[in-house]
Protein chains: 2
Amino acid sequence: MTASDKSSAGSSTTRRMLLDATVAIMLEDGYAGATSRRVAARAGVKPALVHYYFPNMDELYLAVFREGAQANLDRQAEALESAQPLRALWEEASEPRGARLLLEFMALANHRKAIRAEIALWAERWRGVQITALDRILREHGTAGEWSTPEVVSVLMACVGRMLVLEDTLGISTGHDELRTLIKHFVDDVELS
Amino acid sequence: MTASDKSSAGSSTTRRMLLDATVAIMLEDGYAGATSRRVAARAGVKPALVHYYFPNMDELYLAVFREGAQANLDRQAEALESAQPLRALWEEASEPRGARLLLEFMALANHRKAIRAEIALWAERWRGVQITALDRILREHGTAGEWSTPEVVSVLMACVGRMLVLEDTLGISTGHDELRTLIKHFVDDVELS
DNA sequence: GTCTATACTTCGATAGAC
DNA sequence: GTCTATCGAAGTATAGAC
């Protein structure tokens, strides 16, 4: 949260490659595989350079998360301006890459306490924006049930979208088609009226 | 899946302590913290003994998972015999310890391929049993909506229950009360009729 | 069964040349 | 900025005494 802005000043492309390498490794092998040595190798530089751009591994992980979180907020803002914002929100929640990365950061937050606060901060901000938007969306169109409040719809989409992706990754599929079909119907029910 | 039954024969209490220590560390610091040295220290033995009971760390993790998975299946069977099976299923899905452990194993599955198949096997079996039971429960009582099929209710409870716990752990709470209240109403609506 | 001792690998991080 | 070289710590795993 503090004293790490120094490393975000550089305009170098090496920093960019280090961030990309970290994401790629986290997705392929999990956060435990994103070591300074492997990140450096993937970026095509020597390990010592990682510590030049990021004083320690926590700062690297935080930088990766912050960048992804901001991109997520941007995509959400974009989704809310589309013709079918509810559908766009659902598709964003079901985006595999983001869901898998978030899983890694949630696990990482278990023993990197600095990560935890950052995730919570992002999640609350992200959800706040979404609920505000949903309040308008659900009000404008006819809501498909007395239970469909902005809060409920927001949390439901986030939980279900991401967890289905994670189950898919593991090879679990029972019931997925039924639930996805139901949600699509709900979305169209609200939005195409 | 094969050639590991040898290690499950021992009746020793040391093996028991190693398994418990592994779970405790995974919950406190994440799977990456459950190293052979730390597990041994926590169990009060020397590191070499870990490899006596478990030829490698994968076997230890698998043993921990299999034991937890079986306990989970047992608790589910017990839940299904209670007066309010639907409520019992929801409470089991919301159980913090299980949800947090599953998160660790999902992350672990990302780079320990042997874990992945084991999780999928357990999840499909677990979900199959639950769907069969829900089919009866939802049929006996009045279902609270045309969307409440056994498959949908099963996947929804699993996704939402666990993800809410994970968000709680991170310090995310927006919308949780609303959703939990809604689900309790649904459960009672179905079950107290 | 449990230990000591150890081999070998990989980790994060730093110092200092270029 | 990027490198070489290196430190100390921690990891998995094995051999062999008790």
Side-chain angles (χ1 to χ4, degrees), chain A residues 3-22 24-26 28-65 104 107-108 110-115, chain B residues 3-22 24-26 28-65 104 107-108 110-115:
Chain A
S4 72
D5 291 336
K6 174 184 56 181
S7 55
S8 60
S11 62
S12 86
T13 175
T14 298
R15 190 185 136 94
R16 171 80 267 127
M17 291 194 301
L18 288 174
L19 292 169
D20 292 343
T22 304
I25 295 175
M26 285 181 74
E28 287 175 15
D29 293 337
Y31 72 83
T35 67
S36 55
R37 285 173 143 87
R38 287 193 54 192
V39 166
R42 181 131 188 170
V45 297
K46 297 299 173 182
L49 207 51
V50 175
H51 296 93
Y52 171 79
Y53 285 98
F54 307 96
N56 53 57
M57 295 304 287
D58 267 50
E59 291 300 322
L60 170 58
Y61 297 138
L62 276 175
V64 169
F65 179 80
E104 293 302 324
L108 199 49
N110 236 336
H111 65 292
R112 303 264 185 170
K113 309 308 180 190
I115 304 280
Chain B
S4 73
D5 291 337
K6 174 184 56 181
S7 54
S8 61
S11 61
S12 85
T13 175
T14 297
R15 185 176 194 274
R16 171 81 266 127
M17 291 194 301
L18 289 174
L19 292 169
D20 291 343
T22 305
I25 295 175
M26 285 181 74
E28 286 175 14
D29 294 336
Y31 72 82
T35 67
S36 54
R37 281 174 146 90
R38 289 193 53 192
V39 166
R42 181 131 188 169
V45 298
K46 297 299 173 183
L49 207 51
V50 175
H51 296 93
Y52 171 78
Y53 286 98
F54 307 96
N56 52 56
M57 294 305 287
D58 267 50
E59 292 300 323
L60 170 58
Y61 297 138
L62 275 175
V64 169
F65 179 81
E104 293 302 324
L108 199 50
N110 234 338
H111 64 292
R112 303 266 185 169
K113 308 307 180 189
I115 304 281

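Naming: A, B, ... by sequence-line order, numbering from 1 per chain.
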Notebook entry, point to check: Can you list the residues that meet the salt bridge (Lys or Arg N to Asp or Glu O under 4.0 Å) rule with A:Arg37, with sequence neighbours excluded?
Noted result: none

Note to self: side chain to side chain contact (heavy atoms under 4.5 Å, CB included), that's the test. Do B:Glu59 and B:Tyr53 meet it? Break it down for me.
What the structure shows: CA-CA 9 Å; B:Glu59 292 300 323; B:Tyr53 286 98; over 6 Å; no

Next item on the list: Using whole Å, report how far CG of A:Leu18 lies from P of C:dG12.
Entry: 13 Å

Item checked: Partners passing ring-ring contact (aromatic ring centres under 6.0 Å, His included) against A:Phe65 (at least two apart in sequence or in another chain) -> A:Phe105, A:Trp122

Check: Just by protein heavy atoms under 4.0 Å, how would nucleotides 11-18 of chain D read 5' to 3' in B, S and -?
Finding: BBBB----

Checklist line | Sequence-distant partners of B:Ala107, side chain to side chain contact (heavy atoms under 4.5 Å, CB included), two or more places apart | finding: A:Glu104, A:Ala107, B:Tyr31

Next item on the list: Just jot down the side-chain hydrogen bond (donor to acceptor under 3.5 Å, both in side chains) partners of B:Asn56, sequence neighbours excluded, or say none.
Entry: none

Check: For C:dT2, does OP1 or OP2 lie under 4.0 Å from any side-chain N or O of B:Thr14?
Finding: yes

Note to self: In this structure, how many angstroms lie between the C1' atom of D:dG1 and the CZ atom of A:Arg16, rounded?
What the structure shows: 18 Å

Next item on the list: List for me each residue that meets side chain to side chain contact (heavy atoms under 4.5 Å, CB included) alongside B:Asp20, sequence neighbours excluded, and say none if there are none.
Entry: B:Arg16

Note to self: Any base atoms under 4.0 Å from B:Val45, or only sugar-phosphate, or nothing? Heavy atoms, all strands.
What the structure shows: sugar-phosphate

Notebook entry, point to check: Expressed in angstrom and rounded to an integer, what is the separation of B:Lys46 atom NZ from C:dT4 atom P?
Noted result: 5 Å

Item checked: Any A:Tyr52 side-chain N or O less than 4.0 Å from OP1/OP2 of D:dC3 -> no

